[in-house]
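Read through the structure below, which is laid out as structure tokens, and then see the notes.
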Protein chains: 2
Amino acid sequence: MIPQHISKLQEKGFRMTQARSSIINLLENTDHPITASSIHKILKRIGVSINITTVYREIEFLLNERIIEKVPLMDNELHYEVTGRPHHHHLFCTSCSSIKDIVLQSEKGLLEEVHDASSYDITRHSLAFFGTCPDCK
Amino acid sequence: MIPQHISKLQEKGFRMTQARSSIINLLENTDHPITASSIHKILKRIGVSINITTVYREIEFLLNERIIEKVPLMDNELHYEVTGRPHHHHLFCTSCSSIKDIVLQSEKGLLEEVHDASSYDITRHSLAFFGTCPDCK
DNA sequence: ATATTAATGCAACTTGTTTGCATTATATAA
DNA sequence: TTATATAATGCAAACAAGTTGCATTAATAT
């Protein structure tokens with residue numbers, strides 16, 4: 001995985017600290033959305049102890065820089081994932097709480113319908129599917 | 001609007017208190033998902049002062065009874081809406097923060113694709129679209 | 001009317017997130 | 001290489017959403 005986000009930030013003149021680079025690297029290597037406290041715990045487990053406040057501030061920063069984005073879930077915690085990976089949506093297993101990415105072909109027609117029916121200028125969308133994964137069946 | 005939810009609860013032997021009936025009536029007459037604190041504030045404004053704790057407990061109760069359901073949004077607050085209304089999804093205006101219902105025809109093919117591609121048993125789904133509404137353009 | 005117990009209100013608590021401020025450390029210039 | 005400016009950080013306190021324990025109130029059945 002090429003750290004394109006890191007070089008992009010450095011070019012813009014932002015400092016590359018251990019907290020920043022380890023949060024970006026973690027998110028780049030995670031294939032599903034995670035929460036602030038997950039980021040904090042995972043980094044601590046691998047020996048990168050950064051303050052939870054810093055995690056929140058870094059998330060805010062990365063959101064502003066469009067390096068990560070929010071993913072809406074059913075619970076009341078905010079989850080995040082890096083932008084720029086192939087467009088996809090999420091599958092939630094209501095049994096084991098796992099989250100899986102899914103790429104869909106048939107969303108194009110859906111978006112056209114939304115645009116035509118609503119007269120909104122749609123800039124983003126989020127599709128989430130809930131059910132039981134093969135392992136839990 | 002026929003208070004079918006209320007009679008259903010009474011048949012099941014639950015008590016019909018002012019808090020319960022006014023929360024149900026409010027949700028039945030709201031065409032978009034709202035939060036616990038919205039419920040609390042709106043009811044207070046119309047002269048129904050119920051404790052915020054009661055609002056949360058009532059929401060839990062109504063979720064259990066499948067009279068309302070959670071709607072996942074981008075913020076970190078939980079929104080709720082009554083079940084049983086025609087199947088629909090949500091449009092969010094990122095300019096004025098309004099939420100609007102939308103009924104979609106083309107989601108059937110989407111669900112088939114999800115099922116075929118994932119081997120999950122899908123029980124629910126949630127589609128959300130973000131953009132600028134006609135009024136804000 | 002009375003009894004049963006579901007529903008409620010209050011206060012305290014937990015958890016997630018934000019803010020103020022003093023300190024640390026990265027990147028740049030001398 | 002050292003000094004400088006200030007971005008980034010940590011800590012503590014504050015804040016907000018949601019939860020819990022417990023004593024009180026009130027809706028329904030008798």
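Atom set for the values below is all heavy atoms of this structure, side chains included, hydrogens, waters and symmetry mates excluded. Chain letters run A, B, ... following the sequence lines, proteins first and then strands; every chain starts at 1.
- To the nearest angstrom, C1' of D:dT9 lies 12 Å from NE2 of A:H40.
- Each end of the helix from C:dA1-D:dT30 to C:dA30-D:dT1 yields a helix axis from five base pairs, and these two axes differ in direction by 30° (to the nearest 10 degrees).
- Looking at residues two or more places apart in sequence or on another chain, you find a side chain to side chain contact (heavy atoms under 4.5 Å, CB included) between A:I52 and A:H40, A:V55, A:Y56.
- For the pair B:I52 CD1 and D:dG18 C1', the computed distance is 9 Å after rounding to whole Å.
- Residues meeting the side chain to side chain contact (heavy atoms under 4.5 Å, CB included) test with B:P86, sequence neighbours left out: none.
- To the nearest angstrom, P of D:dA17 lies 17 Å from NZ of B:K70.
- Between B:N51 and the phosphate of C:dC10, there is a side-chain N or O to OP1/OP2 separation shorter than 4.0 Å.
- In this structure, the CG atom of B:L9 is 15 Å from the C1' atom of D:dT28, given to the nearest Å.
- Between A:Y56 and the phosphate of C:dT18, there is no side-chain N or O to OP1/OP2 separation shorter than 4.0 Å.
- If you measure from atom CD1 of A:I59 to atom P of D:dT9, you get 13 Å, rounded to the nearest angstrom.
- We find that CD1 of A:I50 is positioned 12 Å from C1' of D:dG10, with the value rounded to whole Å.
- Residue B:R20 contributes atom CZ, which lies 13 Å from atom C1' of C:dT5 at whole-angstrom precision.
- Look at B:R85 and B:E28 and you find no salt bridge, because none of the NZ, NE, NH1 or NH2 atoms lies under 4.0 Å from a carboxylate O.
- Shown here are the side-chain hydrogen bond (donor to acceptor under 3.5 Å, both in side chains) partners of B:H125, two or more places apart in sequence or in another chain: B:H87, B:H89, B:E107.
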### Query
Between B:I6 and B:N25, is a side-chain contact (heavy atoms from CB on, under 4.5 Å) present by the stated rule, with each step listed?
CA-CA 9 Å; B:I6 288 178; B:N25 281 325; 4.1 Å; yes
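- Every residue meeting the ring-ring contact (aromatic ring centres under 6.0 Å, His included) condition with A:H88, not counting sequence neighbours, appears here in chain and number order: A:H90.
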### Task
For nucleotides 19-30 of chain C, just jot down a letter per nucleotide in 5' to 3' order: B, S or -, based on protein non-hydrogen atoms under 4.0 Å.
BB----BBS---
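- Distance A:E65 CD to D:dA7 C1': 13 Å, rounded to the nearest Å.
- Under 4.0 Å is where a charged nitrogen must lie from a carboxylate oxygen, and between A:E69 and A:R124 at least one such pair does.
- A salt bridge does not link B:K8 with B:E65: every distance from a Lys NZ or Arg NE/NH1/NH2 to an Asp or Glu carboxylate oxygen is 4.0 Å or more.
- Separation of the B:F61 and B:F14 ring centroids falls under the 6.0 Å cut-off.
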